[in-house]
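Beneath this line is the structure, given in structure tokens, with notes to follow.
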Amino acid sequence: MQAALGAPDTTGTRRPGVIGWLMMTPMLLWLFAFVIAPTLILLVYSFCQRDDLGEVVYVFTWDNYRRIFFDSDTGAFGTTYLTVFVRSVVYAGLTTIICLIVGYPVAWFIGRAPESRRNLLLTLVMIPFWTSFLIRTYAWITILSTNGLLNGFLQYTKLIAEPFEMLYTPGAVVLGLVYSYLPFLILPVYGSVEKLDNSLVEAAFDLGAGPMRAFQKVILPLTQPGVIAGVLLVFIPAIGMFAISQLMGGGTDPTIGEVIQNQFMQARDWPFGAALGMTLVVLFAVAFWFTSRHQSVVEN
Amino acid sequence: MKTIRFVLALTLLAATALPSYGQAKKKSVLNLFCWSEYVPQEVIDGFAKETGIKVNVENYASNEEMLSKLLAGGSKYDLVQPSEYTVESLIKAEKLEPLTAENIPNLKNLDPKFAKMPHDPEGKYSVPWMAGTVGIVVNTAKVKTPITGYKDVFDGTHKRRIVVLNDSREIVSWALATLGIGPNDMTPENLDKAKPILSEWLPQVKVYDSDSPKTAFLNGDVDLGIVWSGEAAILWKKDKKFTYVLPAEGAHQFIDSLCVPKGAPNKENAEKFINYILKPEVSVLISKEFPYTNPNAEAVKLLKPEQRANPASYPSGDLKLETFKDIGKAAKDIDKVVTDLKGRKAR
């Protein structure tokens, strides 16, 4: 994340002095209170049981993890939650790719626009966020439903004879996710584009590179930090998002966020929800470790 | 300059993502934790105006969600709105504050039929808010075959045109009803019998929605649904093509009540609110917006004839309807069955 967001500091490692530690204290406290402590609580919960009313009982059990990986009927390896997880990754992955395809040119355009117009353009990207996220999601429901605005328009213009099913489909979920997370990709990429030194691009052209080659060899590497930051900012929250898949997907193809949320609310099975959450954290950590190791191997 | 602008934009983004909390004043308040789409704004405003008490409202979509938040502590609620089986379990766990009847003189307006019901035999902890049934709504403009029970809904011809409540216990109880098993017989063996039925049923569902299943009907996304009778009554009011059917296999009734959780900071205000909503002229406002079965006998007298003729609100005939009872640990098994089946469903 650190290396992804800014230029890595390669001028030698300096240990922070007392002042450095003092300046970091608020951040460390924050991390402890809102990342480390909750994760530890989840870890403890994930090995506990629940009582009749759904309260956590501190009696050790492996059951919660067993339920994730093994079928409750047969005891064989179960794919129930694996399917849910893969589905979430596919949704989040598609969302990230679409956001990248749609968002990169927009960020480029804003970043290259005359300075006086950039503020206005950025504001336009932000304006939808002044309205509550839920209201915007309900607006999509009004647009996409069978009797909705889009179907009505298409039928009115005789483009289609019968309304077609848009809402409560996987496509609707991805649309909702892209709509919600697009600005989170545009902004970091914009940050990189704005910093990009135009003379480097000109130099590439002067040295005979075509547009494709200039993009590939100069523009893309220079905006990569923004792209990586944007991809992370979209992909990770999109995996855990539950409201959109519930509202726009109808709740029929549950995502991992939905299942976890359900455990804490509907099912009142906090230990199982915690076990799902911990598994997700571990999978992320492993994936991150694997990719970063892979990267350094490639670099060497 | 550029960095500042960028940071500003990011901050703006972050700020809108966070919910804003108003500064709570030291003023007489009532923290109401109620079902979504159940307490009319008009009633809340009327109460605030009459008593000067500020009402903070928070919503939930299922009894289980309410329990989760209530038992987690953190927020202090003064008044909650559980259904009968949840009232029963809360009484059992000693999580409710007994009500002081003297503070609620309007209790006399209640239909004796709804007083001292099995879930609260002494009527000490709960006051009924609304009663209702769970049944089938049919869009008769689209569905031409007769629908009499759950089996007809899930016969395979209405695939992906169905909305059902997002409530595991409800869903399992329907499957059991088709086997002639009552909604409180949630033994592991019976759950095993329900599984094959549910794995047949659940893939046919298009939407799970407990908050406002009527929306999917009005938007034309579904033709059939198993929903709360109040939702059915609103649909019937909007368009008579939406008919309500009590399932032939056996229907059940629910009674939602107002209760004061143990340790509620503003119990007197909660009792004032209960007394306020028991006024017949206030109670009819609730019936107008959410046409469930009103347990307030005096209020029912004030209803218009067409309101009383709504078959979803006031089903005719002397029906034998079961109610849910507290089933303790089985609640977990039920949810497991439904969660696993939903997750497993491959398309």
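In what follows, every chain begins at residue 1, and chains take the letters A, B, ... in the order their sequences are listed.
- Salt-bridge annotation for Arg268(A) and Glu65(B): absent, with no side-chain N of the basic residue lying under 4.0 Å from a carboxylate O of the acidic one.
- Nearest heavy-atom pair across Phe264(A) and Ser68(B) is O-OG, 2.6 Å.
- Summarising the geometry, atom CH2 belonging to Trp270(A) is positioned 8.5 Å from atom CG belonging to Leu71(B); distances are rounded to the nearest 0.5 Å.
- The heavy-atom pair separating Asp221(B) from Ser145(A) by the smallest distance is OD2-CB, 3.2 Å.
- Looking only at heavy-atom pairs under 4.5 Å with chain A, the residue among Leu218(B), Leu67(B), Val163(B), Asn63(B) that has the most is Leu67(B).
- The minimum heavy-atom distance between Asp335(B) and Gln263(A), with the atom names listed, is OD2-NE2, 3.9 Å.
- In this structure, the side chains of Thr146(A) and Asn219(B) stay at 4.5 Å or more apart for every pair of heavy atoms.
- Of the two parts of Lys95(B), only the side chain, counted from C-beta on, holds a non-hydrogen atom closer than 4.5 Å to a non-hydrogen atom of chain A.
- Counted within 6.0 Å of NZ on Lys238(B), heavy atoms from surrounding residues, nucleotides or ligands total 12 or fewer; the atom is thus considered open.
- The environment of CZ in Phe77(A) is crowded: more than 12 heavy-atom neighbours from other residues, nucleotides or ligands sit within 6.0 Å.
- Looking at Glu258(A), there are no atoms closer than 4.5 Å to chain B (heavy atoms on both sides), in backbone or side chain.
- Heavy atoms of Phe133(A) lying under 4.5 Å from chain B are absent altogether.
- Ranked by heavy-atom pairs under 4.5 Å with chain A, the first of Ala331(B), Gly328(B), Ala330(B) is Gly328(B).
- Contact check for Thr339(B) versus Gln266(A): no side-chain heavy atoms found under the 4.5 Å cut-off.
- From Tyr208(B), atom OH reaches atom CG of Asn262(A) across 11.0 Å, with rounding to the nearest 0.5 Å.
- Counting only heavy atoms from C-beta outward, the side chains of Lys329(B) and Arg50(A) never approach each other to under 4.5 Å.
- For a residue to count as touching a neighbouring chain, one of its non-hydrogen atoms must lie under 4.5 Å from one of that chain's; by this rule Ile334(B) does not touch chain A.
- The number of heavy atoms from other shown groups lying within 6.0 Å of NZ (Lys262(B)) is above 12.
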Checklist entry - Could you walk me through whether Asn166(B) and Gln246(A) pass the side chain to side chain contact (heavy atoms under 4.5 Å, CB included) check? => result CA-CA 10 Å; Asn166(B) 194 12; Gln246(A) 200 140 54; 3.6 Å; yes
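- Annotation: Gln155(A), atom CD; neighbour count of heavy atoms from other residues, nucleotides and ligands within 6.0 Å is above 12.
- Thr252(A) places a side-chain heavy atom less than 4.5 Å from the side chain of Arg160(B).
- Side-chain polar atoms of Asp340(B) and Thr80(A) form no donor-acceptor pair below 3.5 angstrom.
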